[in-house]
Amino acid sequence: MRQKAHRHGRTVSPCAGCKLLRRKCVKDCVFAPYFPAKEPYKFAIVHKIFGASNVNKMLQELSENHRSDAVNSMVYEANARVQDPVYGCVGTISSLHRQLETLQTQLAFAQAELIHIRTLHRIDTKPPPYAASTVTFPSNKDFYSDVDMAFVYEDGARDSLWSC
């Protein structure tokens, strides 16, 4: 039992909405541009979640240039509601947000580890800033004779640390 409608001079089958609702698809059917007969599942799932009259009202309230996006959103939300009846697409968004946070944390750890490895690599490959043969350290004898380490008290008395 195939119902035919006459649109723009040619015979076409009714849109998915009219077919599911078992009504005649008229020339200015609001469902026809967005729920074609070859994609009956789209209207079926939207009808199941939102109801045909609510979908009709939503589409009537929108301008024609926004209707296609609205239908795509309704189909997406309806599919999400079937998958997760409690949270719908909000559950999907929350799950993706948690995954994003986990991946950002992993990325931060990987970047920190990379910096640490690069720092270690620079330390290993960096030539020493001086050659050991050119550095001379003063002997204790030289140090003690050149420096007079003493405490000076408020009354002017001195207390020497080393007596040479």
Side-chain angles (χ1 to χ4, degrees), residues 1-138 143 147:
M1 176 172 136
R2 197 162 180 143
Q3 190 178 23
K4 299 284 181 182
H6 193 71
R7 247 187 244 140
H8 305 293
R10 56 193 158 114
T11 306
V12 293
S13 60
C15 69
C18 292
K19 194 172 191 176
L20 185 74
L21 298 173
R22 296 182 182 168
R23 66 182 191 191
K24 183 179 179 184
C25 193
V26 294
K27 181 179 173 184
D28 58 344
C29 175
V30 72
F31 298 132
Y34 313 106
F35 298 105
K38 14 177 211 187
E39 298 175 332
Y41 60 90
K42 283 173 65 174
F43 186 79
I45 196 161
V46 168
H47 171 60
K48 179 180 178 181
I49 300 300
F50 299 108
S53 64
N54 288 329
V55 173
N56 187 15
K57 287 177 194 173
M58 284 189 258
L59 291 177
Q60 293 285 344
E61 290 177 7
L62 293 172
S63 62
E64 287 193 30
N65 58 340
H66 290 108
R67 288 180 184 177
S68 180
D69 291 335
V71 168
N72 289 335
S73 294
M74 284 188 272
V75 170
Y76 183 82
E77 175 65 29
N79 280 317
R81 284 278 167 198
V82 168
Q83 300 277 327
D84 185 354
V86 175
Y87 294 109
C89 66
V90 174
T92 304
I93 292 168
S94 296
S95 173
L96 291 172
H97 186 68
R98 283 190 302 275
Q99 287 179 12
L100 178 63
E101 287 175 340
T102 301
L103 291 172
Q104 286 174 333
T105 303
Q106 290 175 352
L107 178 62
F109 280 125
Q111 287 173 333
E113 186 176 5
L114 183 61
I115 290 170
H116 178 71
I117 290 170
R118 284 181 178 163
T119 303
L120 289 177
H121 181 68
R122 271 192 240 130
I123 290 172
D124 291 343
T125 60
K126 197 179 216 182
Y130 55 86
S133 62
T134 61
V135 176
T136 56
F137 295 99
F143 182 72
V147 178

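Just so you know, these numbers use all the heavy atoms, side chains as well, and skip hydrogens, waters and symmetry mates.
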Could you tell me whether a side-chain N or O of Ser95 sits under 3.5 Å from a main-chain N or O of Gly91, the two making a donor and an acceptor? no
Just wondering, do Leu20 and Phe35 contact through their side chains at under 4.5 Å, heavy atoms? no
Between atom CZ of Phe50 and atom CD1 of Ile45, what is the distance when rounded to the nearest 0.5 Å? 9.5 Å
How long is the gap from CG on Leu96 to CG on Leu103, to the nearest 0.5 Å? 10.5 Å
Distance check, rounded to the nearest 0.5 Å: Leu21 atom CG versus Ser53 atom OG? 9.5 Å
Answer yes or no: are there more than 12 heavy-atom neighbours, outside Glu64 itself, under 6.0 Å from its atom CD? no
Count the heavy atoms of every other residue, nucleotide or ligand shown that sit under 6.0 Å from CD of Glu113, and state whether that count exceeds 12. no
Quick check for you: to the nearest 0.5 Å, what is the distance between Cys29 atom SG and Arg23 atom CZ? 6.0 Å
Heavy-atom closest pair, residues Phe43 and Ala52: CZ-CB, 3.9 Å
Residues Glu77, Arg81: salt bridge by 4.0 Å N-O rule: yes
Supply the atom-to-atom distance His66 NE2 to Met58 CE, rounded to the nearest 0.5 angstrom. 16.0 Å
Answer whether the closest heavy-atom distance between the side chains of Ile49 and Met74 falls below 4.5 Å. no
Rounded to the nearest 0.5 Å, the CG atom of Leu59 sits from the CG atom of Asn54 at a distance of 11.0 Å
Which heavy atom in Ala16 sits nearest to a heavy atom in Pro36, and how many Å separate them? CB-O, 3.4 Å
A side-chain contact here means heavy atoms from C-beta on lying under 4.5 Å apart; do Asp84 and Thr92 qualify? no
